[in-house]
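This report concerns only the one structure given below.
Chain naming here is simple, since letters A, B, ... match the order of the sequence lines and numbering starts at 1 in each.
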Amino acid sequence: ILNVEQSPQSLHVQEGDSTNFTCSFPSSNFYALHWYRWETAKSPEALFVMTLNGDEKKKGRISATLNTKEGYSYLYIKGSQPEDSATYLCAPGRAAGNKLTFGGGTRVLVKP
Amino acid sequence: NAGVTQTPKFQVLKTGQSMTLQCAQDMNHEYMSWYRQDPGMGLRLIHYSVGAGITDQGEVPNGYNVSRSTTEDFPLRLLSAAPSQTSVYFCASSYLTGLRNTEAFFGQGTRLTVV
């Protein structure tokens, strides 16, 4: 079982501010790193699947970077909006069956 | 496009009862998985399948059975429900493109309460 840690567990952000948070995972036998956005009462939706060291992905105001050698990924939200309020999950994926091991998530609350 | 469909959305069981949570996907994905979500625990993998006829255990398989007779369906069976199985269950599917797996597509979830 992989040890996947996300920090912080939760954060409050003022509307318009930018923020970032971390996902840490074992660097050995790296295959892929997934990020998901999970709104309350909905199902998780994929943001990014990252595979290469140094990879950077962007989707609107949300971006992510990946360091596979040291085993971490950052997710950034630029100019946070209330609709960005959600739990953000990261999950290293393994080759066989795309098994995902999820971190506990970072819960983001954007205050108007 | 329906995507991943789970039924039922809500279920209450008595301890000792059995039931099957249904999951169907219409995207012809090879991979399907079941996760459970508990407060403070994140999503944990119960069972997964890499194709019809092939299943394997995840992190928390005890008390659950699965089968994959078709590409589309991946039911999760609770053999004898226990209060510890009270949780929200998510089914997910994904596929292989080139040499890499895609992101997982999740169903809407089934909220199960065992009393």
Checking [X] against chain A: side chain, backbone, both or neither under 4.5 Å from a heavy atom?
X	result
Tyr35(B)	side chain
Gln37(B)	side chain
Leu45(B)	side chain

Heavy-atom closest pair, residues [X] and [Y]:
X	Y	answer
Ser43(A)	Gly107(B)	CB-O, 2.9 Å
Ala104(B)	Ala46(A)	O-CB, 4.5 Å
Phe90(B)	Pro44(A)	CE2-CD, 4.0 Å

If you count the non-hydrogen atoms of other residues, nucleotides and ligands that lie under 6.0 Å from [atom1] in [X], is the total more than 12?
X	atom1	result
Arg107(A)	CZ	no
Gln17(B)	CD	yes
Glu39(A)	CD	yes
Arg111(B)	CZ	no

Starting from [Y], can I reach [X] by hopping between I/L/V/M/F/W/Y residues whose side chains sit under 4.5 Å apart?
X	Y	value
Trp34(B)	Leu78(B)	yes
Val49(A)	Phe105(B)	no
Ile62(A)	Tyr74(A)	no

Any non-hydrogen side-chain atom of Tyr36(A) less than 4.5 Å from a side-chain atom of Glu103(B)?
yes
Leu89(A) portion near chain B, given a 4.5 angstrom heavy-atom threshold:
side chain
Taking side chain as everything from C-beta outward and backbone as N, CA, C, O, which of these in Trp38(A) sits under 4.5 Å from a heavy atom of chain B? Side chain, backbone, both or neither.
side chain
